[in-house]
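Numbers here simply count residues along the sequence, with the first being 1. The structure presented is a predicted model; accordingly, all values stated were derived computationally and were not measured. Start at 1 and go down the list; that is how both ligands and their atoms are numbered.
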Amino acid sequence: MVGKELFCSMSVDQPVGILKGVGAVVGQHLSRLGIITVGDLLEHFPRRYEDRSQLKSIREIVAGQVATFAAVVERGEVQRVRGKSLARVWVSDETGRAVLVWFNQPYRAKTWKSGTRLIVCGKATKYRDAVQIESAEVDLADELDTLNTARIVPIYPLTQGIGSRALRKLIAEAIEQPIARQEALPLSVLQQHRLMPRQQALREIHFPADWTAMQQAKRRIVFEELFLLQCALAFLRKQRVEERRSFAHGEDGELIRQLRQRLPFELTRDQEQAYGEIRDDMERDRPMHRLLQGDVGSGKTAVALLALAKTIENRQQGILMVPTEILAEQHFQSCCDLMSGIGIRCALLTGRVKGKKRAELLQQISYGTVDLVIGTQALIQPDVQFNQVGLVVVDEQHRFGVAQRANLQAKGDAPHTLVMSATPIPRTMALTLYGDLDISAIRQLPPGRKPVVTAVRSGEAAREKVYRFLAEEVAAGRQGYVVCPLVEDSEKTEAQSAVSIFEELTATALEGLACGLLHGRMNAEEKEAVMRRFVLGQLSVLVSTTVIEVGINVPNATMMIVEDADRFGLAQLHQLRGRVGRGSERSYCVLLHDGCAAAAPERLQVLAQTTDGFVVAERDLVLRGPGQFLGYRQHGLPEMKMASLADDAAILEDARQAGFRLMQNQTEAAKLLPYLKERFERFFGIMFAG
Ligand code: ADP
Ligand code: MG
């Protein structure tokens with residue numbers, strides 16, 4: 001039963017030291033497992049279980065199998081065998097005898113008096129005619145609560161110095177502490193979703209009575225994890241959207257009509273839908289916080305430009321922030337024609353704009369004589385003041401942290417915000433990572449796009465052929481990318497491998513071609529310079545690590561070769577592939593692998609089969625799990641203890657609904673808030689500081 005006082009009465013978590021049997025040494029060992037408090041210990045969940053609940057008789061035991069049986073101790077003995085001590089304990093039941101053996105643990109022979117009833121579990125071998133069990137797990141049969149045998153037994157991630165038995169004992173003790181009863185879920189939620197109370201769930205997850213109980217406990221714990229996160233997101237949203245007022249735009253007018261006319265194409269249905277959602281948000285007096293997701297080339301810019309024109313039509317300023325100077329310049333050039341033709345005054349602000357020119361520009365921006373400012377992080381410098389910001393658009397959102405987004409928003413008085421991402425992510429992940437935002441998606445590409453021809457190849461002969469093909473493309477006046485292997489966690493090794501591939505290729509397959517090299521060890525200016533030469537067509541081939549810009553547009557680039565493609569995630573490969581296929585010529589993407597990793601070709605084939613980024617993302621999530629998915633850990637996705645974004649989609653939907661509903665209720669929200677702040681402080685940083 002859950003008492004009212006338990007719903008988030010903050011029972012303070014205590015250090016593991018309060019448990020019996022945790023002294024300094026054990027404490028040290030536990031801390032290596034990340035366990036500092038009793039609460040941590042409770043959330044040290046089993047990696048798997050062993051079913052030791054079926055007791056056998058000794059006669060039924062088969063050599064080579066793990067068996068659990070009850071037996072009585074006959075006698076113990078210690079022998080020395082080649083310098084080692086060998087402890088033997090003979091046990092029996094009505095059907096036969098067995099011998100338990102331990103090496104170098106002589107005390108085992110004297111642990112139990114004869115006649116003691118034991119429950120024994122271990123892998124059986126034969127010793128002469130008797131059953132032999134080496135290093136068995138043993139419980140006293142008379143102890144009411146066996147933890148190690150005669151039940152479904154938890155198997156934990158371990159560290160040196162602390163064994164399963166010790167850990168089980170500590171966890172069993174922890175489950176009886178007050179913190180285990182601290183109920184984070186309101187009674188109404190427990191009842192509506194038929195969830196176990198917390199303490200019971202902890203008991204059943206660690207020491208399940210049976211598999212059904214374990215499954216139910218797991219559901220409860222997953223629900224709690226997702227629910228609390230959704231509550232935190234609901235709170236952030238409330239703070240930033242519902243409790244703030246912003247400028248309510250009027251209906252679309254003449255300027256929007258003119259811009260639509262000037263666009264050299266009709267918007268696709270998805271683009272129209274996305275713009276419609278944005279327009280509706282902007283016409284309300286609550287700040288929009290919307291994510292626009294769409295594959296590279298799906299036409300997000302046109303949607304953003306309509307929204308920017310809308311704010312300008314309403315005498316507000318628009319901001320478009322992108323991650324690099326080159327992207328800013330590209331956007332500026334392509335937007336300018338379109339926008340200045342209908343009387344919109346545009347400006348470009350990057351780190352390259354300096355001195356007097358910058359001072360003048362800042363003045364224009366602050367007087368409001370500029371309507372649309374396109375730029376990089378340079379936009380969030382403190383001395384950049386705007387007159388009246390109506391809409392902030394952040395392109396390639398995943399490159400900017402939450403803090404940068406917040407800084408930019410602070411440039412206006414609760415401006416409407418649109419963040420755009422070319423990384424389609426599965427819904428479960430979006431609800432977690434961007435759960436405080438509304439989401440629009442463009443799924444269809446504009447008509448007439450030729451899909452990039454994608455092939456998976458291995459072997460030296462194939463590799464040579466592929467590079468010959470690249471040289472032919474270059475001879476025909478086109479450009480290409482070579483992507484070097486991803487080296488996890490080591491920019492240095494990655495750069496070295498890029499350098500050696502560059503040297504190899506320029507001495508062989510690409511000899512005589514204008515090749516450039518790009519890697520993460522180069523400074524920003526060097527990188528920009530190389531990129532610029534490629535954009536201008538002065539370089540034919542760009543040999544690069546994954547640092548090539550996401551949104552960069554070089555329509556003349558028709559081929560991409562990815563070395564050791566099996567090291568990349570599918571979503572990441574899909575992103576890379578998006579840099580080709582932007583012009584009218586047919587484009588190619590070849591994924592090379594060495595054929596060693598058994599599952600590689602099959603995984604890579606997904607890319608040959610589909611060009612839909614959302615499909616790729618779903619497959620990647622299932623195949624590799626969210627931790628690997630584009631390295632999202634760095635992007636502030638809270639680490640999940642039990643929930644899986646690949647498997648728990650249904651629970652997530654329920655938990656989100658319940659969480660958002662709960663946070664609407666002032667009293668309940670107030671109760672939960674201190675707990676949320678403590679729990680999620682690390683993930684939401686500044687957002688929770690207030
Ligand atoms: P992204 O979503 O990657 O930012 P862009 O906005 O750069 O994509 O659009 C990619 C290309 O598609 C651009 O050249 C753009 O002019 C073109 N485009 C966008 N929308 C359409 C459309 N509805 N019909 C035809 N071409 C379009
Ligand atoms: Mg773009």
Contacting atoms of ligand 1, where contact means under 4.0 angstrom from a heavy atom of [X]:
X    : answer
E266 : 22 (C), 23 (N), 24 (N)
V296 : 3 (O)
S298 : 2 (O), 8 (O)

Task: Nearest neighbour of atom 7 (O) of ligand 1 from the list T301, T268, I442, D270, on a heavy-atom basis - done: T301

State whether [X] and [Y] are salt-bridged, where the test is any N-O pair (Lys NZ or Arg NE/NH1/NH2 against Asp/Glu carboxylate O) under 4.0 Å.
X    : Y    : result
E266 : R260 : no
R463 : E563 : yes
E528 : R532 : yes
R257 : D252 : no

Mind checking whether [X] has a heavy atom under 4.0 Å from ligand 1?
X    : result
G294 : no
D295 : yes
G297 : yes

- [ ] Can you label the angle between the Y588 ring and the F469 ring as parallel, tilted or perpendicular, going by 30° and 60°?
- [x] perpendicular

Open item on the list: I'd like to check whether P447 has a polar contact with ligand 1, where a contact means an N/O of the residue lying under 3.5 Å from an N/O of the ligand.
Closed with: no

Task: Nitrogen or oxygen of A302 less than 3.5 angstrom from that of ligand 1 - done: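 No, A302 has no N/O under 3.5 Å of an N/O on ligand 1.
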
